[in-house]
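Heavy-atom basis, side chains included; hydrogens, waters and symmetry copies ignored. The first residue of the sequence shown is numbered 1, and numbering continues consecutively from there.
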Amino acid sequence: MPTDTKAGFVALIGAPNAGKSTLINQLVGTKVSIVTHKVQTTRSIIRGVAMHGSAQLVFIDTPGIFKPKRRLDRAMVDTAWGGARDADLIALLIDARKGIDEEVENILKRLNGQTAPKVLILNKTDIAKREKLLQIAQKANEFIEFEETFMISALTGDGTDAILDHFASKVPEGPWLYPDDQPSDLPLRILAAEITREKLFERLHQELPYISTVETERWETKKDGSARIEQTIYVERDSQKSIVLGKKGQTIKAISKAAREELADIIEAPVHLFLFVKVRENWADDPERYREMGLEFPK
């Protein structure tokens with residue numbers, strides 16, 4: 001380890017689908033957070049670790065901040081603000097196509113009370129006009145005086161080096177918090193469940209509620225280095241179970257194939273993935289499920 005090391009936590013916050021998960025994967029250089037078209041798919045605080053020179057940047061991918069309707073929603077929003085409170089730096093990500101709507105305005109107002117230094121990141125600049133970007137930046141800075149404003153495309157990576165340079169210069173001096181070759185503090189069992197959940201939503205995002213969940217029940221490393229993984233997809237109703245299985249099991253086979261291939265790339269070994277679908281009514285009211293996701297159970 002170099003002698004002049006720095007390390008710190010950076011919280012990425014924003015409305016659902018602002019691109020936080022895509023950005024954190026881009027900054028870290030590998031997948032640590034799932035990306036889907038469905039809103040509110042990031043549930044717990046996922047930490048991605050990026051090395052930039054002698055600085056270690058621990059990015060917190062928080063759940064999107066939105067108006068909570070159910071208990072799970074409240075837990076996700078509480079977790080997001082908790083991540084912001086505990087960070088050395090806060091980055092607000094805004095979808096440049098949408099601009100500052102009521103959702104973002106509410107975040108800006110509440111963000112004003114956070115003491116950590118803040119930067120503004122305007123995402124999706126590859127599909128937004130420069131004139132609109134400047135208007136968004138000006139309006140956001142009327143709510144809060146951001147230290148810096150960055151205009152980036154999380155999808156292509158354009159502009160993200162400047163973000164890393166800035167954060168590396170701002171985090172405090174101190175020893176690294178994780179090994180320099182560890183991209184996330186997510187246990188592999190949880191990352192595997194997140195990847196299967198991503199494939200589930202990619203396949204069924206119009207038919208399946210985001211409240212469905214995946215749990216890794218068993219992970220066995222074989223003598224030949226391959227992994228046997230058993231996972232259960234939990235849904236709330238029998239009708240949802242039929243949707244996940246699909247006609248003659250075709251849907252679950254496609255989900256399993258996509259998840260298995262991505263997991264094999266990540267662990268660099270063959271994967272034998274076995275998926276089961278079970279109905280667990282009202283699982284979103286079970287405190288144990290929240291603990292497994294790293295969420296506080298709201299009263």
Side-chain angles (χ1 to χ4, degrees), residues 10-42 46 48-53 55 57-66 80 83-84 87 89-112 114 116-171 183 198 202 205:
V10 183
L12 289 174
I13 69 167
N17 270 17
K20 296 185 301 300
S21 296
T22 304
L23 178 57
I24 204 168
N25 291 339
Q26 183 73 246
L27 295 172
V28 171
T30 188
K31 173 170 281 189
V32 294
S33 189
I34 71 170
V35 179
T36 79
H37 298 297
K38 205 170 187 72
V39 298
Q40 301 154 19
T41 42
T42 298
I46 294 169
V49 184
M51 303 303 302
H52 196 68
L57 308 171
V58 184
F59 289 99
I60 303 169
D61 179 13
T62 62
I65 296 172
F66 53 97
L89 303 161
I90 298 172
L92 172 62
L93 194 65
I94 295 179
D95 182 337
R97 292 179 310 168
K98 293 180 181 176
I100 299 176
D101 54 14
E102 185 183 357
E103 217 163 28
V104 174
E105 202 168 293
N106 289 334
I107 295 171
L108 282 161
K109 287 174 182 174
R110 186 163 174 183
L111 197 56
N112 221 352
Q114 305 291 328
K118 306 165 193 70
V119 301
L120 176 65
I121 302 175
L122 301 184
N123 186 29
K124 304 182 184 176
T125 57
D126 48 327
I127 48 178
K129 292 182 179 177
R130 181 163 180 80
E131 189 178 307
K132 185 178 181 182
L133 293 170
L134 294 172
Q135 288 172 352
I136 296 168
Q138 184 179 351
K139 187 175 179 181
N141 275 274
E142 288 171 6
F143 284 89
I144 298 169
E145 196 170 328
F146 290 96
E147 286 196 346
E148 294 283 346
T149 297
F150 298 95
M151 300 184 184
I152 62 119
S153 168
L155 191 62
T156 66
D158 185 46
T160 54
D161 282 345
I163 295 175
L164 290 170
D165 289 342
H166 178 78
F167 290 147
S169 72
K170 293 291 183 179
V171 292
E198 176 183 66
E202 281 178 356
H205 71 276

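Atoms CG and CG, on Leu89 and Leu12 in that order, are 10.5 Å from each other to the nearest 0.5 Å. The line from CD1 of Ile94 to NZ of Lys139 is 10.0 Å long, rounded to the nearest 0.5 Å. One distance of note links CG of Leu23 with OG of Ser153; it measures 9.5 Å at 0.5 Å rounding. The distance from the CG atom of Leu27 to the CG atom of Leu57 is 8.5 Å, given to the nearest 0.5 Å. Between the CG atom in Leu133 and the CD1 atom in Ile152 there is a gap of 11.0 Å [rounded to 0.5 Å]. Distance check, rounded to the nearest 0.5 Å: CG of Leu122 to CD of Gln135 gives 11.5 Å.
With sequence neighbours left out, the salt bridge (charged side-chain N to carboxylate O under 4.0 Å, His left out) criterion links Lys124 to Asp95. Listed by chain and number, the residues in a salt bridge (charged side-chain N to carboxylate O under 4.0 Å, His left out) with Glu148 amount to none (sequence neighbours excluded). In terms of the side chain to side chain donor-acceptor pair (under 3.5 Å) criterion, Thr149 has no residue partners (sequence neighbours excluded). Remark: Lys132 pairs with no residue by the salt bridge (charged side-chain N to carboxylate O under 4.0 Å, His left out) rule, at least two apart or across chains.
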Ignoring hydrogens and angles, write down the donor-acceptor pairs under 3.5 Å from the side chains of residues 157-164, residues two or more places apart or on other chains.
residue: Thr160; atom: OG1; partner: Gly157; partner atom: O; Å: 2.6

*Kindly determine whether Ile136 and Lys98 satisfy side chain to side chain contact (heavy atoms under 4.5 Å, CB included), including the steps that lead there.*
CA-CA 10 Å; Ile136 296 168; Lys98 293 180 181 176; over 6 Å; no

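Listed by first and then second residue, the ring-ring contact (aromatic ring centres under 6.0 Å, His included) pairs that reach into residues 127-153 are Phe150-His166, sequence neighbours excluded.
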